[in-house]
Amino acid sequence: MSEPAETAVPATPPAPPAVKPAAKPAAAAPAAPPRPLPDAEEIGAWVDGQDLPLLANLFDGLTVARFDALMMQVRKEELLPQHWQVITAREAPDDIVFDRLPEVGALRVRYRDQELARRRIENLRIGWRELRGRRPALWSVADLFAAIRRILDRKRPVDWHELLSAIRDVWSNLELPHGREQLEVLWACLVQVRKSTKK
């Protein structure tokens, strides 16, 4: 009697290697929402004394090159003289000179909130230093923008809303026409800066 032939058991093929699912491309970070910017009417209301923290968005994060481009647009509208930047090699006087200025005293009286007075006066002091001690009551809008450019160039920490509001209030306190004239020019310049600023 012959032994039964062994039947070969077919070998099972090895399982294919597990395929990892294709990695999903990383989702792009959502774009930051556009920063809110004031319109011409809001800037006008601010010139007349209302609070407008959005005003700072016109200058926050600006580089000197971008600021110069904005000023070029302002000059094209003939809102400022072609050669407007104040240049002087003098050092700013001691801070005690600033603290004794009549317009600084008037700001202290104007602001009932002492913390608000401190913030605005300290930011005005930064501009005063950049203009080497030129009295804020004598500033023109061109002087203000020269101070802003120097602040940007030197990367000085400043709150734009407080600085702009302080000089607005200095000009609005003046009895001479100079103050009202500067406020009107400032309004026109800020409206032009707003038109030229992307969100």
Side-chain angles (χ1 to χ4, degrees), residues 38 43 46-47 49 51-68 70-71 74-75 79-81 83-111 113-174 176 178-194 197:
I43 294 171
W46 171 82
V47 165
D51 203 30
L52 184 62
L54 285 182
L55 198 64
N57 288 347
L58 294 175
F59 297 96
D60 277 341
L62 276 187
T63 62
V64 172
R66 179 66 186 138
F67 178 79
D68 287 345
L70 290 172
M71 289 301 101
V74 168
R75 286 199 295 272
L79 298 171
L80 291 178
H83 303 288
W84 56 270
Q85 189 172 346
V86 178
I87 298 173
T88 175
R90 287 192 312 125
E91 290 298 317
D94 192 84
D95 277 1
I96 194 71
V97 174
F98 176 82
D99 291 322
R100 290 180 178 163
L101 291 173
E103 56 266 40
V104 173
L107 288 180
R108 287 192 178 98
V109 171
R110 179 182 181 116
Y111 303 132
D113 180 343
Q114 289 185 353
E115 178 58 25
L116 176 65
R118 186 195 65 74
R119 287 196 317 266
R120 291 203 173 158
I121 289 170
E122 286 309 306
N123 282 282
L124 185 62
R125 186 190 309 269
I126 294 168
W128 173 82
R129 285 181 186 141
E130 293 305 324
L131 293 178
R132 306 297 190 261
R134 183 173 174 81
R135 283 187 58 182
L138 302 178
W139 289 8
S140 66
V141 174
D143 294 324
L144 171 64
F145 284 131
I148 289 173
R149 189 184 193 283
R150 289 181 177 172
I151 289 167
L152 290 170
D153 189 43
R154 297 179 186 205
K155 298 179 173 53
R156 303 260 193 245
V158 70
D159 183 316
W160 298 115
H161 176 251
E162 302 295 11
L163 170 61
L164 292 166
S165 296
I167 193 59
R168 172 204 64 190
D169 294 339
V170 166
W171 285 332
S172 65
N173 281 345
L174 297 177
L176 296 174
H178 172 78
R180 191 69 230 172
E181 290 166 5
Q182 297 313 305
L183 287 172
E184 289 170 3
V185 173
L186 179 59
W187 175 82
C189 290
L190 291 176
V191 168
Q192 183 58 48
V193 168
R194 167 62 183 92
T197 300

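Everything numeric here is computed off the predicted structure, so don't read it as measured data.
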Any donor-acceptor N/O pair, Arg194 side chain to Pro38 backbone, under 3.5 Å: yes
Non-neighbouring partners of Trp187 that pass ring-ring contact (aromatic ring centres under 6.0 Å, His included), sequence neighbours left out: none
So among Thr197, Leu152, Leu164, which one has a side-chain contact (heavy atoms from CB on, under 4.5 Å) with Phe59? Leu164
side-chain contact (heavy atoms from CB on, under 4.5 Å) between Arg156 and Arg129, intermediate numbers included: CA-CA 11 Å; Arg156 303 260 193 245; Arg129 285 181 186 141; over 6 Å; no
Considering all heavy atoms, the nearest Trp128-Asp94 contact: CH2-O, 3.5 Å
So, Arg149 side chain and Phe67 main chain: donor-acceptor pair closer than 3.5 Å or not? no
Between Arg120 and Arg168, is the side-chain contact (heavy atoms from CB on, under 4.5 Å) condition met? List the steps. CA-CA 11 Å; Arg120 291 203 173 158; Arg168 172 204 64 190; 3.7 Å; yes
Is it the case that more than 12 heavy atoms not belonging to Gln114 sit under 6.0 Å from its CD atom? no
How many angstroms lie between CG in Asp113 and CZ in Arg119, if you round to the nearest 0.5 Å? 6.5 Å
Minimal non-hydrogen separation, Trp139 against Trp171, with atom names: O-NE1, 3.2 Å
Just verifying a value: how many Å separate Arg110 CZ and Leu107 CG, rounded to the nearest 0.5 Å? 7.5 Å
Tightest non-hydrogen contact, residues Ala137 and Glu103, listed as N-OE2, 3.0 Å
If you define the side chain from C-beta out and look only at heavy atoms, does anything of Ile151 sit under 4.5 Å from Leu163? yes
Under the side chain to side chain contact (heavy atoms under 4.5 Å, CB included) rule, collect the residues that match up with Asp159, sequence neighbours excluded. Asn123, His161, Glu162
Exercise: identify the closest heavy-atom pair between Ala147 and Gly127: CB-O, 4.0 Å
Which pair of heavy atoms, one from Gln192 and one from Leu79, lies closest together, and at what distance? CB-CD1, 4.2 Å
Do you know which two heavy atoms are closest between Ser172 and Asp169, and how far apart they sit? OG-O, 3.1 Å
Charged N to carboxylate O below 4.0 Å: is that the case for Arg108 and Asp99? yes
Find out whether Leu124 and Phe98 are in side-chain contact, i.e. whether some heavy atom of one side chain is under 4.5 Å from a heavy atom of the other. yes
Atom CD in Glu184, atom CD in Glu181: separation rounded to 0.5 Å? 7.5 Å
Rounded to the nearest 0.5 Å, the CG atom of Asp60 sits from the CH2 atom of Trp160 at a distance of 8.5 Å
Are the side chain of Arg134 and the backbone of Leu138 linked by a donor-acceptor contact shorter than 3.5 Å? yes
Beyond-backbone contact of Leu70 with Leu62, side-chain heavy atoms, under 4.5 angstrom: yes
Nearest 0.5 angstrom please: Asp95 CG to Arg125 CZ, how far? 4.5 Å
Is a side-chain N or O of Asn173 found less than 3.5 angstrom from the main chain of Val170, in a donor-acceptor match? no
Gln182 side chain to Val141 backbone, donor-acceptor under 3.5 Å: yes
Atom pair SG/CD1 of Cys189 and Ile43 - distance to nearest 0.5 Å: 11.0 Å
